[in-house]
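A short write-up of the structure that comes next.
Letters A, B, ... are given to chains in the order of the sequence lines, protein chains preceding strands, and every chain is numbered from 1.
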Number of protein chains: 2
Amino acid sequence: MGKSGSKAPSIRDVAHAAGVSTATVSRTLSNPDVVSETTREAVFLAIRETGYTVNLAARNLRKRETGAVAILLPNLANPFFSRILSGIAEVMSEAGLSVLISDTTPMAKDDHRLPEYVNQNNVDGIIVLDGNLRQDALLNRGSPEVRAPMVFACEWISQIDRPIVTVDNQEASVRAVQHLLSLGHRRIGHICGPPDNVLTASRLEGARGAMQSVGLRMKPEWIYPGDFSLQSGSEAAKIWHGSSDRPTAVYCACDEMALGFIGELTRRKVAVPQEVSVVGFDDLDMAAHFVPSLTTICQPRVTIGRTAARLLLERMRMTPQERSARPAPRVVLPVKLAVRESTAPPPG
Amino acid sequence: MGKSGSKAPSIRDVAHAAGVSTATVSRTLSNPDVVSETTREAVFLAIRETGYTVNLAARNLRKRETGAVAILLPNLANPFFSRILSGIAEVMSEAGLSVLISDTTPMAKDDHRLPEYVNQNNVDGIIVLDGNLRQDALLNRGSPEVRAPMVFACEWISQIDRPIVTVDNQEASVRAVQHLLSLGHRRIGHICGPPDNVLTASRLEGARGAMQSVGLRMKPEWIYPGDFSLQSGSEAAKIWHGSSDRPTAVYCACDEMALGFIGELTRRKVAVPQEVSVVGFDDLDMAAHFVPSLTTICQPRVTIGRTAARLLLERMRMTPQERSARPAPRVVLPVKLAVRESTAPPPG
DNA sequence: AGGCGGTGTGTAATCGATTACAAGAAGTAA
DNA sequence: TTACTTCTTGTAATCGATTACACACCGCCT
């Protein structure tokens, strides 16, 4: 099979082996119906004999596309993103596209430049999961429409008008807080996301709004700072534990903080949910297995990934004119409230 | 800045704008010292004016390389891999290479074919984190040496002689079990990894060996099946809880199973570590925040990723001859035992 | 026989960057 | 002035696949 030699077989080798021209080989591969039965078989045989695989660089150069999409996400180490990636990877792999993952954390220090390859001629599309990228990193100064098609998922940048796949964060927060209210809680606190995150405000506002609509108020000292990390959840627990005027329930902007919060409280012998109820956001795998299992807003993460991927594929099929003509859709996916053990009526 | 027009600026546009030839532009970019001061400045100015970025497809076609490495991993949704990826991405991004991530789960059903682009002419190197891939998927039938350089990390395929980055799983298991023995445990069980995984046997053997070396035996009924999932951990807990002849300590082949195990036990009012001690493997972020916090083998996941990446870069710089001449190294990274709350002396 | 439509195939241009080679300019030594 | 470096630049071939265009061939109709 194939000479043990040096370089990979090219389409010319196949053409030679099959006794046809390179054009015919190419046609056989891309559009088998136009070649005759006998040629087709000869070509397929030659491909098998030579072990030929198409050179994507050459194809991409010629077709002016790259066969790859880039995913920009803030932190690859965060398990929240892994299922989203999984959904994206699934759809893209079906579409025959490869997925290029780029952690944007290094870019923060390395200023506002994206890696060289996330460029209109190196990827066919971009999915952005990071709302804190600098706007000028994502748009070409002179001509924004040249940039590869782009969609946002989960987070977004308000100034950039592109399709967004998200959940209704405010509404979800309302649901979470209403659940606590219906259990009888009147003193409800919140652990916030990072200050510069687009989601932080809407989750906080949703919670505040739900309280206000029943004539209650969320005291400022019940609003704990956070940054989506386990650590910040346990910090909040320390504050909660150290203060006298405590909420009886805490709604957390993400599961990691909720679990960090509960962990620290349990360690301090504060019983959840007997002494304080906790609601999370995201429904990480761990949420259902933690003790107590976590009542949380269930974000359909795989669906978010799949939807963003499909939306991007759709936009990639459009011409730039069509893209800018058609308004960027905003897909809002439904959430569920998963009620588990971490919420109960307030003490007393 | 750049006409609002249709296609991305090419090297010819830059050459034209700077009044030089394309060769000079190319040289300015790849080897600035060989062009004169004045030309260099003119070219850089023209690049800025046109907004030129190199077309990687063209470069790769010409240079016969791709500027990308592929990572094959069994399950993108598993948080265990995210930090490893993070380490890989960090090193690769410094080296100017892009990282192409491929979840191998779909390949299991889609038979033994890797995605089209993971081919010697579409990536410059491959990092494999999945020991269950079929061997013929990774090697070309006729000429294995044509395939892009490859390294294994964490898991590997014994029949394929390639560099491996791993920890000493057997030794780590010995450490874990010795810790339990030193606490006074004599009845120690094990939750296994999936049967077809390379790590499963070494972790089980390590545990068994540690028992045997002090004249103890691990009863077959204390060996619980598992598959690295939270769920399988709670299944094991049900079996443990339902049997009369129980081990007083259980060493789990991964943290997820350990946490699932503890979660289910706690739910059944079995106190950990008072009634049963638990040791995990991996040191997921969650391990330290769980209640009780988990005693576990700490795998340096980011370092594993970085090391694998550096090893791959090194192999990529070698000629195929050098690669096959030099034996494939096996890098064994040290683990630590993180003693936390989930282990204590046996009851009574 | 001449013309026409349809198939199937080959020829050659093309995508954009790199680089071997050649050639011109400028400087130095004889 | 000629010969010979040294430095800088341009010309053109090349990487491998795709595809517009042309052409050869076959069968069929008038």
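Dashed line: the shortest gap from a side-chain N or O of A/Thr24 to OP1 or OP2 of C/dG10 is under 4.0 Å. Between B/Tyr52 and C/dG16 there is no side-chain N or O to OP1 or OP2 distance below 4.0 Å. A sub-4.0 Å separation between OP1 or OP2 of C/dT9 and a side-chain N or O of A/Ser36 is present. Contact annotation: B/Thr22 does not reach the phosphate of C/dG16 (side-chain N/O to OP1 or OP2, under 4.0 Å).
Among the heavy atoms of the strands lying under 4.0 Å from A/Ser26 is at least one base atom, whether or not backbone atoms are also near. When heavy atoms are screened at a 4.0 angstrom cut-off, A/Ser21 is found touching base atoms of the nucleic acid. Heavy atoms of B/Val20 sit under 4.0 angstrom from primed sugar atoms or phosphate atoms, though from no base atom. In this structure, A/Arg62 reaches the bases: a heavy-atom distance under 4.0 Å links it to at least one base atom across the strands shown. Contact annotation for A/Ser30: no contact, since no heavy-atom pair falls under 4.0 Å across all strands.
Atom P of nucleotide D/dA17 and atom CG of A/Asn31 are separated by 18 Å, given to the nearest angstrom. Rounded to an integer number of Å, the gap from B/Arg12 CZ to C/dT14 C1' is 11 Å. With rounding to whole Å, B/Leu61 atom CG is found 14 Å from D/dT14 atom P. Spacing between atom CG of A/Asp33 and atom C1' of C/dG6 amounts to 16 Å, rounded to whole angstrom units. Atom CD in B/Glu65 sits about 15 Å away from atom P in C/dA17, given to the nearest Å. Whole-Å rounding puts the A/Arg40 CZ to C/dT9 P distance at 10 Å. The nearest whole Å value for the distance from the CG atom in B/Asn55 to the P atom in D/dC15 is 18 Å. At whole-Å resolution of the value, CG in A/Asn60 and C1' in C/dG16 are 13 Å apart.
Side-chain N or O atoms of A/Ser98 include one that pairs as donor or acceptor with a backbone N or O of A/Gly67 at under 3.5 Å. Remark: side-chain polar atoms of A/Asn55 are paired, donor with acceptor, to backbone N or O of A/Ala58 under 3.5 angstrom. Between the side chain of A/Arg301 and the main chain of A/Phe80, a donor-acceptor pair closer than 3.5 Å is present.
Nearest-nucleotide positions on DNA chain C place A/Glu37 closer to the 5' end than the other of A/Glu37 and A/Ala23.
With rounding to the nearest 0.5 Å, the separation of CG in A/Leu333 from OG1 in A/Thr303 is 6.5 Å.
When A/Ile126, A/Val165, A/Val128 are each tested for a side chain to side chain contact (heavy atoms under 4.5 Å, CB included) with A/Phe152, only one passes: A/Val128.
Looking at B/Arg27, its side chain comes within 3.5 Å of the base of D/dG10 through a donor and an acceptor atom. Side chain A/Arg59 to base D/dT18: no donor-acceptor pair is found below 3.5 Å.
Pairs engaging residues 304-317 of chain B under the side-chain hydrogen bond (donor to acceptor under 3.5 Å, both in side chains) rule: B/Glu90-B/Arg306 [sequence neighbours left out].
Of the candidates D/dT8, D/dT18, D/dA17, the closest approach to any side-chain atom of A/Lys63 belongs to D/dT18.
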